[in-house]
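Everything below concerns the one structure shown next.
We're numbering straight along the sequence, starting at 1. All values reported here derive from a predicted model rather than from experimental measurement.
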Amino acid sequence: MNKLPTAFFVEYPFRIEDLIRPYLSEWLKPYIAEKEIRLSKIDYENFITDLCVDRWFIEKYTHLCSIDENGVWHCVLVRQKGKSEGVLVMSEGRVFPKWAAYLPSEEVAE
């Protein structure tokens, strides 16, 4: 198996600032972004300033979000159109991000 990218997932984050903080390397989880969702600037700003709200775009793809038997986090990547940074969402059956991780632009494959 190829080495998967890793990210630090935060449980029940409120806003993007909750995802951008120091963390221990052993807290990193391997992930696969199963779907990419591109939002308009206003929709993305709304999303990252209130991550606790139910979102139609998470509800639509919640079936893609899980942790498999190998400990790999299957999630969706939410980005603003025209930007490379993003937020990984693992909803664990919910319609909002139960778990989320920030991916700076240098860590996101185009």
Side-chain angles (χ1 to χ4, degrees):
M1 176 162 95
N2 293 338
K3 183 166 170 54
L4 295 172
T6 58
F8 174 65
F9 286 84
V10 175
E11 188 174 21
Y12 295 114
F14 290 106
R15 54 192 166 276
I16 197 164
E17 291 82 8
D18 296 334
L19 308 178
I20 305 170
R21 59 185 171 109
Y23 50 87
L24 299 174
S25 61
E26 60 261 21
W27 295 349
L28 291 168
K29 306 294 182 196
Y31 72 88
I32 297 173
E34 299 290 349
K35 177 73 178 170
E36 181 181 311
I37 300 164
R38 292 281 188 158
L39 301 176
S40 67
K41 179 177 176 30
I42 188 90
D43 288 339
Y44 185 76
E45 290 293 324
N46 186 13
F47 170 65
I48 64 172
T49 57
D50 192 356
L51 295 168
C52 300
V53 175
D54 293 354
R55 305 289 179 173
W56 68 267
F57 54 86
I58 295 174
E59 181 177 21
K60 184 174 181 180
Y61 299 109
T62 191
H63 65 284
L64 299 176
C65 299
S66 65
I67 303 170
D68 69 23
E69 62 278 354
N70 296 315
V72 176
W73 291 52
H74 297 264
C75 50
V76 294
L77 173 59
V78 181
R79 298 201 272 191
Q80 178 183 324
K81 291 177 185 173
K83 301 288 184 177
S84 58
E85 67 182 17
V87 175
L88 290 167
V89 173
M90 209 293 282
S91 64
E92 206 171 75
R94 290 158 180 84
V95 295
F96 61 89
K98 179 180 180 193
W99 295 91
Y102 173 71
L103 290 184
S105 58
E106 64 269 10
E107 293 183 27
V108 179
E110 284 293 330

Do [X] and [Y] have side chains that get closer than 4.5 Å, going by heavy atoms?
X     : Y     : result
Ile37 : Leu77 : no
Phe8  : Lys29 : no
Phe57 : Leu39 : yes
Cys52 : Phe96 : no
Ile58 : Pro97 : yes

For the atom pair [atom1] ([X]) and [atom2] ([Y]), what is the distance rounded to the nearest 0.5 Å?
X     : Y     : atom1 : atom2 : result
Lys35 : Cys75 : NZ    : SG    : 14.0 Å
Asn70 : Leu4  : CG    : CG    : 9.5 Å
Arg94 : Cys65 : CZ    : SG    : 11.5 Å

Contact summary for Tyr23 and Leu28, nearest pair of heavy atoms: CE1-CD2, 3.4 Å
Solution key, residues 12-20 side-chain donor-acceptor pairs under 3.5 Å, sequence neighbours excluded:
unit_1: Asp18; atom_1: OD2; unit_2: Phe14; atom_2: N; d: 2.7
unit_1: Asp18; atom_1: OD2; unit_2: Arg15; atom_2: N; d: 3.2

Cluster overlap Val53 with Val10, hydrophobic side-chain contacts below 4.5 Å: no
Cluster link Val95 to Phe47, ILVMFWY, side chain under 4.5 Å: no
Looking at residues at least two apart in the chain, or sitting in another chain, which of them share a side-chain contact (heavy atoms from CB on, under 4.5 Å) with [X]?
X      : value
Ile67  : Trp73, Met90, Glu92
Ala101 : Ala7, Phe9, Leu88
Glu11  : Lys98, Trp99

Arg38 side chain to Arg79 backbone, donor-acceptor under 3.5 Å: no
Residue pairs, two or more places apart or on separate chains, that pass side chain to side chain donor-acceptor pair (under 3.5 Å) and touch residues 52-68: Thr62-Ser91, Asp68-His74
Results of ring pair (Phe, Tyr, Trp, His ring centres under 6.0 Å) for Tyr44 - residues two or more places apart only: none
